[in-house]
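A quick write-up on the structure given underneath.
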Amino acid sequence: MRLAIDRSGTRPLYQQVRDALRALIAEGKLEPGRELPASRALAGTLRVNRGTVTAAYDELVAQGLLERHVGRGTFVAQGLDLERLRERERPATAAADRLSWEGLFARDPLRDRDPILAELGKLSARPGVISFAGGYPDASFFPVDEFRRAVNGALRDEGGALLQYTASGCHAAFLEALKHLLLERGLAPAEDEILVTNGSQQGIDLVARLFLAPGESVVVEDPSYHGALASFRAAGARLVPVPVDDEGLEVAALARTLERERPRLIYVMPTCQNPTGVNLSIARRRRLLELAREHAVPIFEDDFKGDLQYDGDPLLPLRAEPDGQDVIYAGTFSKILFPGMRLAWLVAPPPVVARLAALKQSADLASSPLFQAAITRFARGRALERHLLTVRREYRRRRDTLLSALEREMPDGATWSRPKGGFSLLVRLPAPLDAAELLPHAAAKGVVYTPGRVFSLGGAAPALRLSFGSVKSVQIPEGVRRLAAVVREALKSARRARPSQALATTA
Ligand SMILES: Cc1ncc(COP(=O)(O)O)c(C=O)c1O
């Protein structure tokens, strides 16, 4: 199959492949039921990466124009309404005199975005679907009434000042409450070591902008949090992956990496790593700090779940270690309380905070003082402490339910991480299954997850993340039963399609 591709333009290749295929389908040149070339073959013909073709196919599958049948291939969807499709294509051509936006962007933040992320929201919203896709806390645990009283009380006592611009971006009483909270995590920062941010995502973005120039490298765990990968990519950085195992980041591999790379940052989640949920062992924490010091590379610690640890004595952040003073630390209320509040913080040495504060000011001037004041009252009345006791108990129960269900239901060859806290774990499916390809089948059976490839730089095709924070305990076993049935069915088809390979993988 030949498609016209413009390599000189700034338009992403996968979009060009996607649109060319869309046009062929709309024109009836690729008729419903027609098999498309395998992604590898088409990539060879077009002289593009296989990922480019896969991304184009994924979007067309998501749009309902293509269908994937595990073990058989990718086909133009049956029963397409070609008239409607042509109708939808028409305005694009009629608008030839409109601005061509694609050529006007300095950089395209959508270029590296996996289209499957947008698809997950839609699949999760389907009626009857059990979604393990969102790393969300359960909104039914949110102490809404207590928080409403805290907001009202703060407004009553402090009035318009809470609705005004603030010079420092930090509410004085909140700073004290935050310091108190951080003390329980072994941290005692001075005021000039703290920056309040709108979510830790903003903290990650600011750190990326401060430390990473285009082409410079950042070490990331593989797999890692896709939101951080997106910020680092947006800064133009080169991502250098270091694997994660049951004890967290493989520090021996990091040591080898640091021999050949001079990264500007090492981004890690030492506690309840996303997506695996594992903790970095004590010995590895020490070694990581040692390596960072030896090579003079700052560690960027994302402690997004620090207060949601379920087993043994809680681990303290790296920054609380005796030689952790140079660690840049990010924390957030998003997982322990409400993500909608967008309230989080960075702790770092004063020269770093001063520059991050200037960057933040140019991004959004300041964080809302109203929420800072409300949280201060909320924490003062011990509501935060009570809430933490409840959610730790409930999420721990969900984790245990999920682990038992996986043990009971999943076929041989599937493995998974055992999270020490937080609300995610990573499942590895047996070869030759691809978790992204399996997703539409799982959604059709009423279960959704996040394919591992969005967290990974190496593709991680067989991996998938299950987040149990917002799935009720009673639904977890049923969700896993559905997932296991889809996996078993896919394994059967794969073995039927390639008996010799199946024998090789089961041997
Ligand atoms: C590892 C990690 N860091 C940071 C964030 C961003 O959280 P927020 O911006 O809500 O604080 C998330 C969100 O899921 C996350 O998983």
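One-based numbering, in listed order, for ligands and for the atoms of each.
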Do we get K305 above F423's six-membered ring, with its NZ or CZ under 6.0 Å from the centre and within 45° of the axis?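 Satisfied, under 6.0 Å and within 45°.
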For [atom], what's the nearest protein heavy-atom neighbour? Residue, atom name and distance, please.
atom	result
atom 9 (O) of ligand 1	R342 NH2, 2.7 Å
atom 3 (N) of ligand 1	D302 OD2, 2.6 Å
atom 10 (O) of ligand 1	S334 OG, 2.6 Å

Considering distance alone, does some N or O of Y267 sit under 3.5 Å from an N or O of ligand 1?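 N/O-N/O distance under 3.5 Å: no.
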Under 3.5 Å: N/O of S200 near N/O of ligand 1: yes
Below 4.0 angstrom, N of the basic side chain to O of the carboxylate: do [X] and [Y] qualify?
X	Y	result
R262	E216	no
D145	R148	yes
E290	R293	no

What I want to check is whether the side chains of Q202 and K360 have a donor and an acceptor closer together than 3.5 Å.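 A donor-acceptor contact under 3.5 Å links the two side chains.
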Would you indicate which of K335, Q202, M269 comes nearest to atom 13 (C) of ligand 1 when only heavy atoms are counted? K335
Would you mind finding which of D205, I204, N274 brings a heavy atom closest to atom 16 (O) of ligand 1?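 Nearest option to atom 16 (O) of ligand 1, by heavy atoms: N274.
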Applying ring-ring contact (aromatic ring centres under 6.0 Å, His included), can you list everything that pairs with F132, at least two apart in sequence or on another chain?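 For F132 there are no ring-ring contact (aromatic ring centres under 6.0 Å, His included) partners, ignoring immediate neighbours.
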